[in-house]
Amino acid sequence: MRVEFRLLGPVGARVDGRSVEVGPARQRWVLAALLADVNAVVVADRLVDRVWGERSRCWTSWGTRTPRGRADAEGARERPRGGHAPG
């Protein structure tokens, strides 16, 4: 299976040469933000800033009010290479 992502012009994806639906606008923004740092771990704060911009402040403060959010913010949770916290 061959997957291609398109970022110049409308954000999109093709699988084996056929266009596939990548979701509504916000999901396409997230996809583009992640693809901007392909093959690298994208820190949640950077992703939120890229997608939500100025409105991200409310998300960031909300996320750090939960125990897991605080642990993530403090770097207390060890992440494997893929960037996902066990859990």
same_hphob_cluster(Val48, Val42) at 4.5 Å side-chain heavy-atom cutoff: yes

Val22 and Gln27: CA distance, side-chain angles, deciding distance, side-chain contact (heavy atoms from CB on, under 4.5 Å) verdict: CA-CA 7 Å; Val22 291; Gln27 287 178 334; over 6 Å; no

Do you know which two heavy atoms are closest between Val11 and Ala32, and how far apart they sit? CG2-CB, 4.1 Å

So, do Phe5 and Arg14 sit near enough that their side-chain heavy atoms are less than 4.5 Å apart? no

Can you tell me how far the OG atom of Ser19 sits from the CD atom of Glu4, to the nearest 0.5 Å? 9.5 Å

Return the minimal non-hydrogen interatomic distance between Arg50 and Ala33, and the atom names on each side. NH1-O, 2.8 Å

Non-hydrogen atoms of Arg28 and Gly23 that approach each other most closely: NH1-O, 2.7 Å

Residues Arg46 and Asp37: closest non-hydrogen pair is NH1-OD2, 3.5 Å

Would a single hydrophobic cluster contain both Trp29 and Leu35, if residues Ile, Leu, Val, Met, Phe, Trp and Tyr are joined by side-chain heavy-atom contacts under 4.5 Å? no

Would a single hydrophobic cluster contain both Leu31 and Val38, if residues Ile, Leu, Val, Met, Phe, Trp and Tyr are joined by side-chain heavy-atom contacts under 4.5 Å? no

Report the C-alpha separation of Met1 and Val15 in whole Å, then their side-chain angles, then the decisive distance to 0.1 Å, and conclude whether the side-chain contact (heavy atoms from CB on, under 4.5 Å) test is met. CA-CA 7 Å; Met1 174 177 16; Val15 176; 3.6 Å; yes

